> 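Handing you a structure now.
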Protein chains: 2
Amino acid sequence: MAIADDATEASEVTMLVPLTGTSGSLHDEILVGLRRYLVEGNLPDGARIPERLLCETMGVSRTPLREALKVLAAEGLVELLPNRGARVRAFDENDIRELFEVMGGLEALAGRLACEHITDAEIAGIEQLHYDMYASYMRRDLPAYFALNQKIHLAIVAAARNAILANTYANFSSRLQRVRYNANRENHKDRWGEAMREHEHILEALQRRAGLELSDILFRHLQNKRVAALRYLGNHP
Amino acid sequence: MAIADDATEASEVTMLVPLTGTSGSLHDEILVGLRRYLVEGNLPDGARIPERLLCETMGVSRTPLREALKVLAAEGLVELLPNRGARVRAFDENDIRELFEVMGGLEALAGRLACEHITDAEIAGIEQLHYDMYASYMRRDLPAYFALNQKIHLAIVAAARNAILANTYANFSSRLQRVRYNANRENHKDRWGEAMREHEHILEALQRRAGLELSDILFRHLQNKRVAALRYLGNHP
DNA sequence: TCGAAGAAAAATGAATGCAAAATGGCTTGA
DNA sequence: TCAAGCCATTTTGCATTCATTTTTCTTCGA
């Protein structure tokens, strides 16, 4: 059984069988459930995803499950090998570089657009998040820092007033979830202070609504994250 | 029969039944065939896509077709209404604004990355395309101009050395294909010269490998295209 | 004549069945 | 002992079938 080598059956079930029945469409439920399951990193890279087992676990037939797998493959979370089933997509260093570059481009866009549309109240909210994050930084509370960091970037994306951008951002963000968390652990060692300073520049440019400048800061912020992430991966094969 | 109100059955068939059998996976063939069919604008906005008819037309069963439809829905080309089937997704003005903004962000990113990686030979190639495009402009040959325009932007994306970016770009580009063509027809009237000048700036910044500058030019180029496209749509409801 | 109610027809969502391909295990031979 | 080849089992890809919902057509009444 390749799925969940280090997770118990029970935990699989609890994670994989929300199936609330609220979405109306079984296919959609499977899709969001499986996506969450994958994004949360419950399966190791490259693990096989046998249809039969998943069907029994989730209590559905193969048809809607296969539809969900195709969509997840299109999203880049799983890999479909002809006649050989689905695997958890493993990202190599080049994939991660590309993902961070695209994320940087999207964040740069979000920053630029946010400066055109953001309200004073939203800026105040981001300020508050920023100060909370700084407090977490001083406390060396990495999980809190990480969560607030995500919230700030999401708030900037939300201020861009572009639903397609927000969706695309969420899509790529989910792919990077695990590696980014690890990268931030790496920050813990030597890049954390630098990242915090970058965030001060981000807030400052946002307050001035300096779109181009914020755009550039965000892009380089993401590139620095990428370097940290790849360094982490290099050290932890 | 809601599908293809103005197209004959025969033309549908010729467009929809390549099914070369080269891809190995029937699902993939249907996917690319349907996507091309939709992108080329063979169906009017909001048209119903009855599964049964498509199955008979393409000679496949509903299972792989439905899988393809789910993927196309995830890509944003079709819209799936619960229990009410698939429709060609119609983009309103806000969708188009959002799409152009994201395209602009992606092109800006591509330009920035391209300046880091592009070779002299690639620049020379783009120069050539640019001059050809200028010739088309002088000849008032809109289709040729349009094709070369696309080639230039694709060359810049290719020079960015980022496959994920290229895929994402292609995805959004396909959604805008129809409206962009119409927008360029609108250019024909009053924005064509301006677009040509913008392209001169693009080439010039690329030659200097001025990443940030090129990034900004490309973004604003796309925003101008957006304005033209929306003006066109405003005039042609 | 028009509109509403209801039944027939069709379409969708999901499950099951079947053939082809792949995986795993077993035997055989050196 | 080990490797190669063959067969059984499993798994995948696709077609078909079934149940439910939607759509359409007909009929009835005002």
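We name chains A, B, ... by the order of the sequence lines, and we start the count at 1 in each one. The model shown is predicted, which means the values in this text are computed figures rather than measured ones.
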> Measure the distance from CD1 on B/Ile49 to P on C/dG13 and round it to the nearest whole Å.
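It works out to 12 Å between those atoms.
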> Nearest-Å distance, CD (A/Glu67) to P (C/dA15)?
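So the CD-P distance, A/Glu67 to C/dA15, works out to 10 Å.
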> Round to a whole Å and report the spacing from CG of B/Leu53 to P of C/dA10.
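Checked: the CG to P distance equals 14 Å.
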> 5' to 3' on DNA chain D, which nucleotides open and close the contacts with chain B (atom under 4.0 Å from a heavy atom)?
D/dC14 to D/dT23
> Do the side chains of A/Glu107 and A/Arg226 get close enough for a salt bridge, i.e. N-O under 4.0 angstrom?
no
> Less than 4.0 angstrom between a side-chain N/O of A/Ser61 and OP1 or OP2 of C/dA15, yes or no?
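A/Ser61 to C/dA15 OP1/OP2: side-chain N or O found under 4.0 Å.
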> Taking for each residue the nucleotide of DNA chain C with the nearest heavy atom, is it B/Glu51 or A/Asn83 whose nucleotide lies nearer the 5' end?
B/Glu51
> Considering every strand and a 4.0 Å limit on heavy-atom distances, what is the contact class for B/Arg84: base, sugar-phosphate, or nothing?
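Sugar-phosphate only.
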> How long is the line joining CZ of B/Arg66 and C1' of C/dA11, in whole Å?
10 Å
> Expressed in angstrom and rounded to an integer, what is the separation of A/Leu31 atom CG from C/dA14 atom P?
12 Å
> Keeping A/Ser215 on the side-chain end and A/Gly211 on the backbone end, is there a donor-acceptor pair under 3.5 Å?
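No, A/Ser215 side chain to A/Gly211 backbone: no donor-acceptor pair under 3.5 Å.
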> If we count only N and O atoms by modelled type, under 3.5 Å, do the side chains of B/Gln223 and B/Arg220 hold a donor and an acceptor together?
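No, because no side-chain N or O of B/Gln223 sits under 3.5 Å from a partner of the opposite role on B/Arg220.
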> For A/Arg52 and C/dT16, give me the distance from atom CZ to atom C1', rounded to whole Å.
10 Å
> Taking salt bridge (charged side-chain N to carboxylate O under 4.0 Å, His left out) as the definition, give me every residue that meets it alongside B/Glu101, ordered by chain and number, with sequence neighbours left out.
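So B/Glu101 forms a salt bridge (charged side-chain N to carboxylate O under 4.0 Å, His left out) with B/Arg97.
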> Run the numbers on A/Arg89 and A/Asp95 for salt bridge (charged side-chain N to carboxylate O under 4.0 Å, His left out), then give the verdict.
CA-CA 11 Å; A/Arg89 167 120 180 235; A/Asp95 291 323; 3.7 Å; yes
> Within this structure, what is the CG-CG distance for the pair A/Leu154 and A/Asn149, rounded to the nearest 0.5 Å?
10.0 Å
